[in-house]
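Presented below is the structure to which this report refers.
Both ligands and their constituent atoms are indexed starting at 1 by order of listing.
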Amino acid sequence: MTTAQKILCVLYDDPVDGYPSTYARDGIPSLTSYPGGQSMPSPGKIDFVPGELLGSVSGELGLRKFVEGLGHNLVITSDKDGVDSTFERELIDADVVISQPFWPAYLTADRIKKSRNLKLAITAGIGSDHVDLQSAIDNNITVCEVTYCNSISVAEHAVMQILALVRDYIPQYRLVVEGRWDIADAVSRSYDIEGMSVGVVAAGRIGLAVLKRMYPFDVSLHYTDRHRLTIEQEDELGLTFHPDVESLVKACDVVSIHCPLHPETEHLFDEKLISKMRRGSYIVNTARGKICDKNAVAKALETGQLAGYAGDVWFPQPAPTDHIWRTMPNHAMTPHTSGTSLSAQARYAAGVREILENWFNGNRIRDEYLIVQGGHLAGTGAHSYSEGDTTGGSDEAAKFNR
Ligand code: NAD
């Protein structure tokens with residue numbers, strides 16, 4: 001019999017228009033494995049309906065029956081920012097924290113210092129930069145995520161946004177809604193992507209999926225990564241490898257960013273790097289907002305150095321109402337949604353349940369889910385991150401007002 005643990009779970013708010021009573025579709029496709037063969041999340045059981053909203057407070061990631069059935073305590077809140085937040089108060093004696101990158105509960109060094117029992121931080125999704133990984137390393141906290149759960153979801157969003165920018169979809173849609181038919185206005189920034197050069201920064205699970213999805217568009221494909229792909233993978237897609245990001249951006253018209261946020265990539269796209277890009281380049285960033293310098297992006301859109309910027313990731317999150325990316329020209333931003341489609345939610349809810357089942361039973365967590373364990377980067381963390389902290393400035397999230 002394990003002793004009772006306190007599981008503190010931070011989820012985004014329920015829909016402002018009310019929790020759905022019906023859904024647009026009757027279910028989601030059932031997948032048997034991820035590309036490359038990694039197995040799907042495999043909990044002993046699930047207590048939710050795949051395809052229903054699980055990532056907001058009332059969805060509870062489908063965990064309550066399971067966690068409370070084992071005698072543990074489950075606290076769920078969306079109130080995550082500031083010293084008076086429910087998260088900060090409940091953290092003091094929590095054993096496990098669960099958080100989604102879309103509505104990240106920033107686990108800064110300060111908060112880790114205050115949480116005397118914390119042993120495990122689970123990312124319900126992918127990307128654990130909202131945790132001060134250096135502090136997790138120093139305090140022997142295990143950090144893990146549900147690797148692959150939404151990689152394809154994000155790849156689909158990135159391809160959508162590449163096309164939205166190059167073809168200039170958003171203003172054309174707006175024209176229709178406004179009852180207009182001004183074709184010349186509509187096409188004055190619209191191009192075909194055929195023949196362009198498209199590159200990804202990092203060709204991991206998401207970056208490679210983007211390259212595969214862009215291949216049929218008859219573009220030339222480029223990538224850079226700290227781990228080079230195999231010759232067979234490069235040949236299959238006709239990829240050009242670049243040893244560094246500067247070489248990549250000089251060769252591309254469109255750059256899609258897919259590396260994690262860690263000290264090597266924080267503010268990688270600054271004014272200097274953006275100035276080396278071809279005039280009129282497009283950037284799509286579905287990786288992390290802080291990989292780009294927000295003011296440098298806005299300025300480059302104003303001057304025309306960038307023809308467009310899209311993505312779904314901001315810093316901090318939620319983005320303040322006056323965040324410059326909300327109002328800069330020629331952007332096609334969404335809030336952080338790409339990895340939390342109803343399809344993705346079912347996979348990461350199952351993955352979190354699998355992790356908790358193993359945790360409560362004292363079994364090992366799969367290597368590919370691990371970011372930090374035993375005072376070191378481990379598993380996917382050792383492959384894709386570097387040590388250090390990138391949460392600086394996250395307290396700004398407390399300024400968000402609905
Ligand atoms: P992955 O671990 O499969 O791939 C990451 C790749 O980045 C690896 O190939 C690694 O070698 C490369 N990399 C790391 N540091 C680099 C550097 N300095 N220069 C070049 N390459 C570098 O992870 P993934 O599933 O492809 O996800 C990547 C990232 O996408 C996540 O860490 C997360 O930040 C982001 N993400 C966003 C969403 C969303 O909803 N927008 C969802 C999932 C993931």
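For the pair His262 and ligand 1, the shortest N or O to N or O distance falls below 3.5 Å. Of the polar atoms of Asp312, at least one N or O is found under 3.5 Å from an N or O of ligand 1, judged by distance alone. Considering both main-chain and side-chain atoms, Asn150 never comes within under 3.5 Å of ligand 1 through any nitrogen or oxygen pair. Close N/O approach between Ser151 and ligand 1 is found [any backbone or side-chain N/O within under 3.5 Å]. Taking only nitrogen or oxygen atoms, main chain and side chain alike, Val201 does not reach within less than 3.5 Å of ligand 1.
Ionic pairing of Arg213 and Glu156 is not present here: no N-O contact between side-chain nitrogen and carboxylate oxygen is shorter than 4.0 angstrom. Salt-bridge formation is detected for the pair Asp93/Lys6: a Lys NZ or Arg NE/NH1/NH2 atom is positioned less than 4.0 Å from an Asp or Glu carboxylate oxygen.
Using a 4.0 angstrom heavy-atom cutoff, Tyr148 does not count as in contact with ligand 1. Ligand 1 does not have Gly125 within reach: every non-hydrogen atom of the residue lies 4.0 Å or more from it.
Scanning Ile206, Asn285, Ile291 for the heavy atom closest to atom 30 (O) of ligand 1 points to Ile206. By heavy-atom distance, the residue among Ala287, Gly127, Pro260 lying nearest atom 35 (C) of ligand 1 is Ala287.
A cation-pi arrangement is absent between Lys80 and Phe87, since the terminal nitrogen or guanidinium carbon is not both under 6.0 Å from the aromatic centre and inside a 45° cone about the axis.
Val57 approaches Asp14 most closely through the heavy-atom pair N-OD1, 3.3 Å.
Panel note: side chain His242, backbone Thr224; no donor-acceptor pair is recorded below 3.5 Å.
Annotation: atom 14 (C) of ligand 1 to nearest protein heavy atom, Ser384 O, 3.2 Å. At the top of the distance list for atom 18 (N) of ligand 1, counting protein heavy atoms only, stands Glu264 OE1, 2.9 Å.
Between His157 and the options Asp312, Asn150, Thr334, Thr286, a side-chain hydrogen bond (donor to acceptor under 3.5 Å, both in side chains) holds for only Thr334. Of the residues listed (Arg353, His72, Glu68), the one engaging Leu63 in a side-chain contact (heavy atoms from CB on, under 4.5 Å) is Arg353, and it is the only one.
The local environment of CZ in Arg326 is crowded, with over 12 non-hydrogen atoms from other residues, nucleotides or ligands closer than 6.0 Å.
Close approach to Ala202 involves these atoms of ligand 1, each under 4.0 Å from a residue heavy atom: 6 (C), 7 (O), 12 (C), 21 (N).
Not a single protein heavy atom sits closer than 4.0 Å to atom 23 (O) of ligand 1.
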